[in-house]
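Take a look at the structure below.
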Amino acid sequence: MAHLSGRSNGGDAKLAEDTKRTTIVEVGRLAGVSTKTVSRVFNDEPHVSDALKQRVRDAATALNYHPNVHAQALVRRRSHLIGLIYENPSPSYVVELQKGVLHRLAGESYRLVVIPVQSVDTHAGEVVGLLRSASIDGVVLAPPASDHPLVLAQLAAAGIRCARIAPTREIDTGYVTVIDDIAAAREVATHLLDLGHRRIGIIMGDPTHASSVARMTGYKQAFEAAGVTVAPGHVEPGLYTYESGLEAGRRMLARAARPTAILAQNDDMAVGAIMAAHELGLEVPGDVSVTGFDDSQVAQITWPRVTTVRQPVFEMAASATGMLIGGLEGTDATRRTDHAHQLIVRESTAPPRAPGRWRSPSR
């Protein structure tokens, strides 16, 4: 294969020398300690002075030495792997979720194993088996896994610690990081009502996610406080995907008595509804206002930019991971972290047009 690599035998020998793995013996020799001491330092064993630990680590850095994670796992009987279970189909949500976990793991001895599940509701009985096969020490559960009773019961039976993002049930189980979905949904619905909208449509989220029920509860509370009734034809099913928001928006906005505003239960569906309005020749927000939920990147880069509720997914993922690490290490008794939401008002919402300026969809 020398003719492909362009290296002579001497070059191959030099490459082998350059890429040779540094050993624990060399680290010990440079630090002036035994290999046993080096091993004790990297396995976090007690009775090693801070000065000695620093000397060994400096030697390891100088030699570009990295301890074998699998060997450490065998010694400690722990894998130092943390799992992340998620289902949410929104790419923006998933990216923020993973970034939050990885941010908190920076500088820690733990590594992340990402385990996407197509449908937690359908495959709930398989989740713990996936975690066992990955030999994880603990797991961060994103919705809807964070609320699924079978998943929680099987994790408890298997003795696997979990941190739960945005659960709505059994809040005392595991480590939890929460947001008040009901209050957040009530606030964004109130925003539309305060603008003067009374014919408001709703695009629901995935029915297997508890957040969809909580957000609908918040909407209803705002409507009741304003004395407004939502027409049955103004509620459409969705799945937290752009495609489902597009289809729901098309159905809703093609009706003669279309709503003047739409509450979509996440940003992806809100953008889908905006696209449906554009297809029909309707102006956003002139003919129809649209709101989302999450404040994901898509809400910030579409036009018009989407009025939404900021759910701090990054921060929630980071704090859930931190609590899990604290539990695994026995250093942190925190079991719940509450996060605040924020209404972000942008260009996709405005007061409804005056009755004389009502426009029909283009055909």
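Only a predicted model underlies this, so the values are computations on that prediction, with no experimental measurement involved.
In this structure a side-chain-to-backbone donor-acceptor pair under 3.5 Å is present from His148 to Leu150. In this structure, the side chain of Ser244 does not engage the main chain of Gly238 through any donor-acceptor pair within 3.5 Å. Judged by distance alone, with hydrogens and angles left aside, the side-chain atoms of His234 form a donor-acceptor pair with the main-chain N or O of Ala257 at under 3.5 Å. A donor-acceptor contact shorter than 3.5 Å is absent between the side chain of Asp267 and the backbone of Ala299. Between the side chain of Ser319 and the backbone N or O of Met316 there is at least one donor-acceptor pair closer than 3.5 Å. Panel note: side chain Asp137, backbone His80; a donor-acceptor pair is recorded below 3.5 Å. Side-chain N or O atoms of Arg198 include one that pairs as donor or acceptor with a backbone N or O of Leu193 at under 3.5 Å. For the pair Arg346 (side chain) and Val306 (backbone), a donor-acceptor distance under 3.5 Å is present. Between the side chain of Arg215 and the backbone N or O of Gln265 there is at least one donor-acceptor pair closer than 3.5 Å. At distances below 3.5 Å, at least one donor-acceptor pair connects side-chain atoms of Glu26 with backbone N or O atoms of Thr23.
No cation-pi contact links Arg186 to Tyr219, judged by a cut-off of 6.0 Å to the six-membered ring centre and 45° from its axis.
Heavy-atom contacts from other residues, nucleotides or ligands closer than 6.0 Å to CD of Glu347 number more than 12. The environment of His278 atom NE2 is dense: over 12 non-hydrogen atoms of other residues, nucleotides or ligands sit within 6.0 angstrom.
Ionic pairing of Arg310 and Glu315 is present here: one or more N-O contacts between side-chain nitrogen and carboxylate oxygen are shorter than 4.0 angstrom. Salt bridge present: Glu236 and Arg255 bring a charged side-chain N and a carboxylate O closer than 4.0 Å. A salt bridge between Arg164 and Asp147 is present, with a side-chain N of the basic residue lying under 4.0 Å from a carboxylate O of the acidic one. With respect to the salt-bridge test (charged N to carboxylate O, under 4.0 angstrom), the residues Arg250 and Glu247 qualify. A salt bridge links Glu283 with Arg353: at least one charged nitrogen is closer than 4.0 Å to a carboxylate oxygen. No salt bridge links Arg305 with Asp295; every basic N to acidic carboxylate O contact stays at or beyond 4.0 Å.
Asp194 pairs by the side-chain hydrogen bond (donor to acceptor under 3.5 Å, both in side chains) definition with nothing, not counting sequence neighbours. With sequence neighbours excluded, no residue satisfies salt bridge (charged side-chain N to carboxylate O under 4.0 Å, His left out) with Arg55.
Cluster annotation: Met269 and Met216 are assigned to distinct hydrophobic clusters (Ile/Leu/Val/Met/Phe/Trp/Tyr, side-chain heavy-atom contacts under 4.5 Å, transitive).
Each of Thr337, Thr168, Asp338 was scored for a side-chain contact (heavy atoms from CB on, under 4.5 Å) with Val178, with one residue passing: Asp338. None of Thr308, Ile274, Thr349, Thr307 except one satisfies the side-chain contact (heavy atoms from CB on, under 4.5 Å) rule with Val290; the exception is Ile274. Paired with Ser348 under the rule side-chain contact (heavy atoms from CB on, under 4.5 Å), one option of Val284, Val271, Thr302 passes, and it is Val284.
Side chains of Tyr240 and Ser211: a donor on one and an acceptor on the other come within 3.5 Å. Side chain to side chain, Gln54 and Asp50 fail the donor-acceptor criterion of an N or O pair below 3.5 Å. Judged purely by distance below 3.5 Å, without hydrogens or angles, the side chains of Thr208 and Asp206 pair a donor atom with an acceptor atom. Of the N and O atoms on the side chains of His339 and Gln311, not one donor lies less than 3.5 Å from an acceptor on the other residue.
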Next on the checklist: Quick one, Asp287 with Leu253, criterion side-chain contact (heavy atoms from CB on, under 4.5 Å). Give me CA distance, side-chain angles, the key distance, then yes/no.
Outcome noted: CA-CA 10 Å; Asp287 296 308; Leu253 295 175; over 6 Å; no
Checklist entry - Run the side-chain hydrogen bond (donor to acceptor under 3.5 Å, both in side chains) check on Glu329 and Tyr110 step by step: do they pass? => result CA-CA 11 Å; Glu329 298 293 325; Tyr110 293 90; 2.4 Å; yes
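For the residue pair Pro352 and Gly196, the shortest heavy atom distance occurs at CG-O, 3.7 Å. Of all non-hydrogen atoms in Tyr93 and Pro143, the two that sit nearest each other are OH-CD, 3.4 Å.
In this structure the side chain of Asn266 never reaches within 4.5 angstrom of the side chain of Ile203, judged on heavy atoms. For the pair Leu263 and Ile200, the minimum side-chain heavy-atom distance is below 4.5 Å.
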